[in-house]
*Asks:* 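This structure is in structure tokens; I'll ask about it shortly.
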Amino acid sequence: MGIIQVDHPNQANVIELKGISQSYDGGQSWIIQDLDLIIEDKPDQGQFVVILGMSGSGKSTLLRYISGLQKPTKGSVCINGKEVDQDTRVSMVFQQYSSLPWKTVLENVALGLEFQGVARKERNERAMEMIKLVGLEGHEKKYAIYPTLSGGQLQRVAIARSLLANPSILLMDEPFGALDIKTRLQMQDLLLELWNKFHSTIIFVTHDISEAVYLGDDIYILKAPPAKFVEHIHIDLPLQRTRAIKRDPMYTQLVHQVEDTMMNIATTLGGSF
Ligand code: ADP
Ligand code: MG
């Protein structure tokens, strides 16, 4: 009688930062030192990773490494086991609206596919599907510029563009930081919905602890300077979150736990959030 084993012998980690150090003055001072971060692959499930750290600690720099926009002074950055280089294209959603204002919503969302050489008809069809998913149907011919579109709508454009270009990894750098509270909460739920649909690996940077606990499966906390991860908190809440979870005492307890951990790091290692 045989046992059927599903084995992934050489399953590469989805993201691997190893021995990362960053200096901008030829090694006199280090902004990041000996930093490691390993995000294991969870096939068919994806994961939501949140990075928390004080401002200036290097969060945006880490996302730039993963997206291939910057190389660290020392160390290696791999995605799915392959070293990141200038040809790597993992897209990023920024706090500032990053769409091209002289292009329409449809053209912006289709941009990644255009770079990949996908023919116009196909890329427009796929872009329209994504536009529907993010709730922008009817706006596709408008220019992606404020105030023609609201802040929340512009972030929907950025998320749609990034997901269409590469649904497996999504990097988000304080993406909801500039939004009003109601829009921010709506965007959090939209993101959870999309995450459940695409099973992406999302790396999400935020200052907001309640947002981190609501969205994240795993929270990594940076100390600085120099930056290094000092805490990993697994958020043991159901994978499929709904707003009701915020009334759950477990949620409140986790928010307090993360808050205490961050205060502790700031007190013992210096710095403020
Ligand atoms: P965060 O996103 O956590 O606020 P950043 O990644 O933007 O932090 O920056 C980390 C640190 O690196 C900051 O102290 C910043 O001043 C410094 N830094 C970033 N880019 C440069 C640069 N080109 N030259 C010198 N210092 C830089
Ligand atoms: Mg930043």
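Just so you know, ligand 1 is whichever comes first in the structure, and atom 1 is the first atom listed for that ligand.
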*Asks:* Report whether any nitrogen, oxygen or sulfur of Gln95 sits less than 2.8 Å from the Mg ion (ligand 2) (N, O or S, backbone or side chain).
*Replies:*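 No - counting backbone and side chain alike, Gln95 has no N, O or S atom under 2.8 Å.
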*Asks:* Output, in order, the C-alpha distance, side-chain angles, deciding distance and verdict of salt bridge (Lys or Arg N to Asp or Glu O under 4.0 Å) for Asp173 and Lys59.
*Replies:* CA-CA 8 Å; Asp173 195 355; Lys59 304 181 296 299; over 6 Å; no
*Asks:* Charged N to carboxylate O under 4.0 angstrom, Lys228 versus Asp34?
*Replies:* no
*Asks:* Compute whether any side-chain donor of one residue and acceptor of the other, for His199 and Asp44, lie under 3.5 angstrom apart.
*Replies:*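 There is no such pair (donor and acceptor under 3.5 Å, judged by atom type) between the side chains of His199 and Asp44.
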*Asks:* With respect to Thr61, determine whether any N or O atom, backbone or side chain, lies less than 3.5 Å from an N or O atom of ligand 1.
*Replies:* yes
*Asks:* Any salt bridge between Asp208 and Arg184, counting N to O under 4.0 Å?
*Replies:* yes
*Asks:* For atom 18 (N) of ligand 1, what's the nearest protein heavy-atom neighbour? Residue, atom name and distance, please.
*Replies:* Tyr24 CE1, 3.6 Å
*Asks:* Whether Glu193 and Lys197 form a salt bridge (side-chain N of Lys/Arg under 4.0 Å from carboxylate O of Asp/Glu) is what I want to check.
*Replies:*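 Looking at Lys197 and Glu193, the cut-off is not met.
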*Asks:* Considering distance alone, does some N or O of Ile31 sit under 3.5 Å from an N or O of ligand 1?
*Replies:*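 Ile31 vs ligand 1: no N/O contact under 3.5 Å.
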*Asks:* Backbone or side chain, does any N or O of Lys59 fall under 3.5 Å from an N or O of ligand 1?
*Replies:*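 Indeed, backbone or side chain, Lys59 has an N or O that close.
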*Asks:* Considering heavy atoms of the protein only, find what lies nearest to atom 13 (C) of ligand 1 and give residue, atom and distance to 0.1 Å.
*Replies:* Gly56 O, 3.5 Å
*Asks:* Nearest 0.5 Å, please: how far is NZ in Lys71 from CD1 in Ile20?
*Replies:* 9.5 Å
*Asks:* Where is the nearest protein heavy atom to atom 7 (O) of ligand 1: which residue, which atom, and how far?
*Replies:*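 Residue, atom and distance for the closest contact: Ser60 CB, 3.8 Å.
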*Asks:* Measure the CG-CD distance between Leu179 and Gln153 for me, rounded to the nearest 0.5 Å.
*Replies:*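 If I round to the nearest 0.5 Å, the distance is 11.0 Å.
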*Asks:* Distance below 4.0 Å between atom 10 (C) of ligand 1 and any protein heavy atom?
*Replies:* yes
*Asks:* In the complex you have, is atom 3 (O) of ligand 1 within reach of the protein, judged by whether a heavy-atom distance drops under 4.0 Å?
*Replies:* yes
*Asks:* Just verifying a value: how many Å separate Lys142 NZ and Asn108 CG, rounded to the nearest 0.5 Å?
*Replies:*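 It comes to 14.5 Å.
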*Asks:* Identify, by atom number and element, the atoms of ligand 1 in contact range of Met54, meaning under 4.0 Å from any of its heavy atoms.
*Replies:* 3 (O)
*Asks:* Strictly under 6.0 Å, is that where the ring centroids of Tyr214 and Phe48 end up?
*Replies:* no
*Asks:* With a cut-off of 4.0 Å, which atoms of ligand 1 are near a heavy atom of Ser57?
*Replies:*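 Those atoms are 1 (P), 3 (O), 8 (O).
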*Asks:* If you have a sec, work out which protein heavy atom is nearest atom 8 (O) of ligand 1 and how many Å separate them, to one decimal?
*Replies:*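 Minimum-distance protein heavy atom for atom 8 (O) of ligand 1 reads Gly58 N, 3.1 Å.
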*Asks:* Which of the atoms in ligand 1, numbered in the order shown and given with their element, are less than 4.0 Å from a heavy-atom of Ser55?
*Replies:*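 Under 4.0 Å from Ser55, ligand 1 has these atoms: 4 (O).
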